[in-house]
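Some notes on the structure that comes next.
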Number of protein chains: 2
Amino acid sequence: MLIPSYFFTNDFKQFYEYFLSQPHIKKSFKKGDYLWEPNKPFEKIHYIISGVAQNYLEHENGHRKILSFHGSGTVFPGYHEQDYKIESALITVALSDMEVLEFTKVEFRRMFQQNQQLSAQDIDWFSKDVNLLLYETAHQEYNNSFIKLCNLLYLLLVNETGKQNHFNCMTQDDIADILGISRVNLTRGLTRLRKENIIITKRKQIQVIDPSALEKYCSLETL
Amino acid sequence: MLIPSYFFTNDFKQFYEYFLSQPHIKKSFKKGDYLWEPNKPFEKIHYIISGVAQNYLEHENGHRKILSFHGSGTVFPGYHEQDYKIESALITVALSDMEVLEFTKVEFRRMFQQNQQLSAQDIDWFSKDVNLLLYETAHQEYNNSFIKLCNLLYLLLVNETGKQNHFNCMTQDDIADILGISRVNLTRGLTRLRKENIIITKRKQIQVIDPSALEKYCSLETL
DNA sequence: CGACTCATTGACGTAGCTCAAGGTATGTGG
DNA sequence: CCACATACCTTGAGCTACGTCAATGAGTCG
């Protein structure tokens, strides 16, 4: 039984050789680059060789919602044909220098049709994405901000430990933008966890020192 | 450019003959039946011949989030292999009597592998679902309850008109559970729209009489 | 016509927002 | 290596949107 993860990585690793053998463009991005121009629908699909990208959406009232992170060995965005209005507003930015293989939709469609395993993996990718979004829309939505925070810390602890240490260089602004709460309110939650000796906070860093106490605050769908 | 829709229908209609030719069980559900036992992971995939099902999730604190509706000519749930914790908590109930073709995951996998068009359509289904969830998680989340309501009414008006009239026999409780706001607060929003002569409300019915005025209240991602 | 279910309105409490001020790391140029 | 700027974090104060509780009204049905 899988729990949600904000970090996508290695789910397409097995296709690296195959991808190399197919028509593509090798590309690199510098930290801070956009993977495609903001406010344009995406046209290209990237296999990430190295580096990490962050995917987010900006609301017309100024809020930023961070949706997910995409690291080496995965594909972003997931291949599909339809164009959706909201996708034009998605922004994907390199959090570190990146090396990618870039495919057009047409190239990827051909591979999708040709390679059985690839199409199965694409479904897998989407089901993972749906799972994360379901968790946020139908579960986290109904938790108060403190439980939301504990849930997120728990998921990061369980899922992401060791993968990359990008979660230990997030600012509190970033975390607030994942949870959809204000930075001030986030600080209050962290202060409480610090007082209860569950975490230690440093600049751009949160360390869980009492995982089992953290777990007790989490909601059922998280564990 | 597609906008979100809460109602899935006819996207697999072209496969009806094909589905009939493959191993399956023909089944029917009475209004109020569950498509599979609550609190169990789903094992079966249904092609809906007739009737409508509602998909929702109950939160441990008692809230109910209505996620989507599934009518004739579509498949539910979307075929995928992985098991996710939160899926066990999904509940799908027949809103009317239903006729379906039921497939096991194994049977559907075989079809997915065998039928090129089917796997492409499955991706399409998932991308539609992701689009809806993205809209809710990353956009509606940041609107106040009145804008949320206007957005929903607009989407129902534009997308669902004529499809089925199931949206005109929803209670205000149901609408509140789609939007994730309280019934009382929903009533206040509806009262405002009524006073501004944008809608007429009856028992289990909302009729938009001034669509362009409604549109003015909607947020950008909705239009 | 009584007994449901569904909708409306008022009163009140509070979680979480914004605004504002200050405190502490980190980095840079002189 | 210091001082100064900048980014990041913390805490307090006050406001408000929205939740809950409670009472009443208004359709629908056996």
Side-chain angles (χ1 to χ4, degrees), chain A residues 31-32 59-66 95 136 140-153 166-207 217 219, chain B residues 31-32 54 59-66 95 140-153 166-207 217 219:
Chain A
K31 180 177 175 176
H59 193 278
E60 56 199 90
N61 66 19
H63 284 98
R64 174 183 64 146
K65 165 70 187 178
I66 296 179
L95 292 184
E136 296 211 324
Q140 282 283 60
E141 166 86 12
Y142 300 98
N143 295 319
N144 66 38
S145 72
F146 182 68
I147 306 284
K148 273 186 187 159
L149 169 59
C150 292
N151 284 343
L152 178 63
L153 291 177
H166 270 95
F167 290 106
N168 273 335
C169 60
M170 279 196 292
T171 67
Q172 294 192 4
D173 261 296
D174 293 333
I175 297 173
D177 286 346
I178 296 177
L179 291 174
I181 66 177
S182 70
R183 182 176 39 76
V184 172
N185 199 20
L186 174 68
T187 293
R188 295 195 215 284
L190 289 172
T191 302
R192 176 172 165 192
L193 288 171
R194 213 181 317 114
K195 283 191 179 138
E196 297 183 13
N197 293 310
I198 294 173
I199 59 170
I200 302 172
T201 60
K202 290 190 193 141
R203 193 189 168 85
K204 287 189 177 197
Q205 211 183 320
I206 298 171
Q207 199 190 334
Y217 283 126
S219 57
Chain B
K31 180 178 176 176
Q54 183 190 58
H59 193 278
E60 56 198 272
N61 66 18
H63 285 98
R64 174 184 67 145
K65 166 71 186 176
I66 296 178
L95 292 184
Q140 282 282 61
E141 167 86 12
Y142 300 98
N143 295 319
N144 65 39
S145 72
F146 182 68
I147 307 283
K148 274 186 186 161
L149 169 60
C150 293
N151 285 344
L152 178 63
L153 291 177
H166 271 94
F167 290 107
N168 272 335
C169 59
M170 280 196 293
T171 66
Q172 294 193 4
D173 261 296
D174 294 333
I175 298 173
D177 287 346
I178 296 176
L179 291 173
I181 65 177
S182 69
R183 183 177 37 78
V184 172
N185 199 18
L186 174 68
T187 294
R188 294 195 214 284
L190 290 172
T191 302
R192 178 173 164 191
L193 288 170
R194 213 182 316 116
K195 282 189 179 141
E196 297 183 13
N197 293 309
I198 294 173
I199 59 169
I200 302 173
T201 59
K202 292 191 192 139
R203 192 188 170 85
K204 288 190 176 196
Q205 209 183 323
I206 298 170
Q207 199 190 334
Y217 283 126
S219 57

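Worth saying up front: this structure is predicted, and the values here are computed from it rather than measured. By convention in this document, chain letters (A, B, ...) are assigned in the order of the sequence lines, proteins followed by strands, and residues within each chain are numbered from 1.
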For this session: Compute the bend angle of the helix from C:dC1-D:dG30 to C:dG30-D:dC1 from the end axes (five pairs per end), rounded to 10°.
Result: 30°
Exercise. When the ring planes of A:F146 and A:Y217 are compared, do they come out parallel, tilted or perpendicular, using 30° and 60° as the limits?
Worked result: perpendicular
Seminar exercise, completed: chain A reaches DNA chain C, atoms under 4.0 Å from its heavy atoms, from C:dG16 to C:dT26
For this session: Could you pull out all residues at least two apart from B:N143 that satisfy side chain to side chain donor-acceptor pair (under 3.5 Å)?
Result: A:H59, B:H139, B:Q140
Problem set entry | From CD1 (A:I66) to CE (A:M170), nearest 0.5 Å | 7.5 Å
For this session: Return the value, rounded to whole Å, for the distance between atom CG of A:L190 and atom P of D:dT10.
Result: 7 Å
For this session: May I ask you to test the B:T191-B:T187 pair for a side-chain heavy-atom distance under 4.5 Å?
Result: yes
Exercise. Which nucleotides of nucleotides 17-30 of chain D have their base under 4.0 Å from a protein heavy atom (B), which only their sugar-phosphate (S), and which neither (-), written as one string 5' to 3'?
Worked result: -SSBB-----BS--
Exercise. Does a side-chain heavy-atom distance below 4.5 Å link B:L179 with B:S145?
Worked result: no
Exercise. Taking the side chain from B:K65 and the backbone from B:D177, do they hold a donor-acceptor pair closer than 3.5 Å?
Worked result: no
Exercise. Which residues pass the salt bridge (charged side-chain N to carboxylate O under 4.0 Å, His left out) test with B:R203, sequence neighbours left out?
Worked result: none
Problem set entry | Partners meeting salt bridge (charged side-chain N to carboxylate O under 4.0 Å, His left out) with B:R183 (sequence neighbours left out) | B:D173
Seminar exercise, completed: note: A:Q207, atom CD; D:dC9, atom C1'; distance rounded to Å ~ 18 Å
Problem set entry | Min side-chain heavy-atom separation B:I175-B:I206 under 4.5 Å | yes
Exercise. Could you give the CD1-to-C1' distance, from A:I200 to D:dC9, as a whole number of Å?
Worked result: 17 Å
Exercise. If you look at every strand shown and take non-hydrogen atoms under 4.0 Å, does A:T171 touch a base, only sugar-phosphate, or nothing?
Worked result: sugar-phosphate
Problem set entry | Flag side-chain contact, heavy atom, 4.5 Å: B:L149 against B:L193 | yes
